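Being a predicted model, the structure only gives us computed values, none of them experimental. Within every chain, numbering begins at 1; the chains are lettered A, B, ... in the order of the sequence lines, protein sequences first and strands thereafter.
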Number of protein chains: 2
Amino acid sequence: MPDTTLTEAKKKPSRIQLRNRSVILEAALEVFSQHGYRGATLDQIATTAGISKPNILYYFDGKEAIHVTLLSHLMETWLDPLRQMNGDGEPLAELLGYINRKLDMARDLPRESRLFANEILQGAPRMGPHLQADLKPLFDEKCALIQEWMDAGKLAQVDPQHLIFSIWATTQHYADFDAQVAVLLDGNPAHEDAAAYLANLFTKLLSP
Amino acid sequence: MPDTTLTEAKKKPSRIQLRNRSVILEAALEVFSQHGYRGATLDQIATTAGISKPNILYYFDGKEAIHVTLLSHLMETWLDPLRQMNGDGEPLAELLGYINRKLDMARDLPRESRLFANEILQGAPRMGPHLQADLKPLFDEKCALIQEWMDAGKLAQVDPQHLIFSIWATTQHYADFDAQVAVLLDGNPAHEDAAAYLANLFTKLLSP
DNA sequence: TTTATTTTTTACCATTTGGTAAAGCTACGA
DNA sequence: TCGTAGCTTTACCAAATGGTAAAAAATAAA
């Protein structure tokens, strides 16, 4: 017999609650992704969100709670491209599709990419459990799938783990190191050329 | 007629000065690379260095000055591997040698890699000029060299700029994202396998 | 040894930061 | 329309942070 007064009574959140929570999270994403956890301040988030600091603390239990919420939400969308890599499809096409989706995410969600990068760079102090619980199983599963493809002769034999690392590294690079890329490419957008380059790179690597 | 009283009289630094400066920079590297610029505190640096905070400010003009000094020093060693890539050698061997040196640096100098990554991630606010002045010319020069090699038929034709990006991304990944790599590889050291994987990856890409 | 110089410590300070208490305001159902 | 629950603001606070002044200690020069 569930008791809604003792268990965390999470009634349905009001319209205002829904709106303000998302406004705060949007602002927090902006600030955290730019300065990292310790470099971000509640005042910055408050100003960016257009909501007073005490009011922000009415909606979230504290700075860390905002950050954790952000990372949890992120984890879902972040792993989607990898989840979509399907065992039923044509192996090389599946992998190239995955690479393209990752590259699109780097272009469309650079703040999310940097938020993630900041957290990992600093040793994943607030995300270690998430990595173990969410990322690791998916990673292992997809490594096994890739290994199957290779054993079936559909792909050249390479280390699946390092293959995935190199896909992550090369795609996220364009979001995380954008400040450097922009200087070196004189501000020209990199996406098209990057997509072509990476398709060629991994096609040559993986063609059986 | 040089006037040592008006120009910044930089006499030869004493033994004590030399030692303490380097102790402070070593501690600062540790702290900055772990928490980023804004996340690091002078107190942390002072404790790590075993030198009182006011004494640290006797040797450096402030927090920012320490950080800038660190980044300047880093820039030199950081670009060495790329500088060593010589136009006289065998093209593929030169590139594979460069990749190996970069991977070795990721293993041997992970703090330096993270310091750099932190700075770029946050938009290179204190390093933009350095990138333009030091990195950009070297980058352009080596891109031109690689293009020559390709035009001479010594390497397969790929975009030299994105080639270098992918080399940076894949090698530095093992330092910058170590927290993630360690979880996914169950703590097993990655270096050997990574070296073999990357040699294969770029050999297949670049063999003419 | 005495003097001049460099190095280190002690005792502060102003600002920033995450966070709270409590009063005031608003919206919404009865 | 009135009361109440939900939302927002005002006015704070304690701790942390970058930084300073000046005295004390150590070192080097005479």
Side-chain angles (χ1 to χ4, degrees), chain A residues 4-5 8-71 118-119 122 125-126, chain B residues 4-5 8-32 34-71 118 122 125-126:
Chain A
T4 56
T5 59
E8 285 187 5
K10 291 193 178 179
K11 302 185 174 184
K12 61 179 71 174
S14 75
R15 229 176 315 125
I16 290 177
Q17 244 171 80
L18 237 47
R19 178 175 50 81
N20 282 352
R21 278 234 167 85
S22 92
V23 166
I24 292 168
L25 287 176
E26 157 69 24
L29 172 61
E30 185 74 25
V31 176
F32 279 132
S33 69
Q34 213 170 109
H35 300 111
Y37 178 73
R38 294 187 58 180
T41 71
L42 283 180
D43 289 285
Q44 277 176 290
I45 295 172
T47 300
T48 305
I51 294 178
S52 73
K53 185 169 62 175
N55 205 11
I56 282 183
L57 292 167
Y58 172 76
Y59 288 103
F60 288 92
D61 281 339
K63 185 184 180 182
E64 183 153 1
I66 300 176
H67 196 246
V68 167
T69 303
L70 222 41
L71 287 173
N118 255 309
E119 174 71 9
Q122 311 192 352
R126 276 165 286 278
Chain B
T4 57
T5 60
E8 284 188 5
K10 290 192 176 180
K11 303 185 173 183
K12 61 179 71 175
S14 74
R15 227 175 318 123
I16 291 177
Q17 244 170 79
L18 236 48
R19 177 176 49 82
N20 281 353
R21 279 233 166 83
S22 91
V23 166
I24 292 168
L25 287 175
E26 157 68 23
L29 173 61
E30 185 74 26
V31 177
F32 278 131
Q34 212 169 108
H35 303 290
Y37 177 73
R38 297 186 56 181
T41 71
L42 282 179
D43 289 286
Q44 277 175 292
I45 295 172
T47 301
T48 305
I51 294 178
S52 74
K53 185 170 60 174
N55 205 13
I56 281 184
L57 292 168
Y58 172 75
Y59 287 103
F60 288 91
D61 280 340
K63 185 184 179 183
E64 184 153 0
I66 301 176
H67 196 245
V68 167
T69 302
L70 222 41
L71 287 174
N118 255 310
Q122 311 192 351
R126 278 163 286 278

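In this entry the distance linking CZ of Phe60(B) with C1' of dG18(D) reads 16 Å, nearest Å. With rounding to whole Å, Ile45(A) atom CD1 is found 15 Å from dT16(C) atom C1'. Summarising the geometry, the separation between CG on Asn55(B) and C1' on dT20(D) is reported as 14 Å, rounded to the nearest angstrom. We find that CD1 of Ile56(A) is positioned 14 Å from C1' of dT9(D), with the value rounded to whole Å. Distance NZ (Lys53(A)) to P (dT16(C)): 11 Å, rounded to an integer number of Å.
With Glu119(A) contributing its side chain and Arg126(A) its backbone, the two residues share a donor-acceptor pair below 3.5 Å. Between the Gln34(A) side chain and the Val31(A) main chain, no donor and acceptor come within less than 3.5 Å of each other.
Ring geometry for His67(B) against Phe32(B) counts as perpendicular: the plane angle is over 60°, on a 0 to 90° scale with 30° as the lower cut.
At least one side-chain nitrogen or oxygen of Ser52(B) sits closer than 4.0 Å to the OP1 or OP2 atom of dT9(C). OP1 or OP2 of dT8(D) has not a single side-chain nitrogen or oxygen of Tyr58(A) nearer than 4.0 Å. For Gln17(A) and dG6(D), the shortest distance from a side-chain N or O to OP1 or OP2 is not below 4.0 Å.
Checking dT8(D), dT17(C), dT20(C) against the side-chain heavy atoms of Asn20(A) singles out dT8(D) as nearest.
For Leu57(A) and Thr41(A), each mapped to the nucleotide of DNA chain C holding its nearest heavy atom, the one lying further toward the 5' end belongs to Thr41(A). Looking at which nucleotide of DNA chain D each of Gly62(B) and Ile51(A) is closest to, the 5′-most match is held by Ile51(A).
Geometrically, Lys53(A) does not engage Tyr58(A) in a cation-pi contact, judged by NZ or CZ lying under 6.0 Å from the ring centre and within 45° of the ring axis.
Side-chain atoms of Lys63(B) stay outside donor-acceptor range of the base of dG19(D), with no qualifying N/O pair under 3.5 Å.
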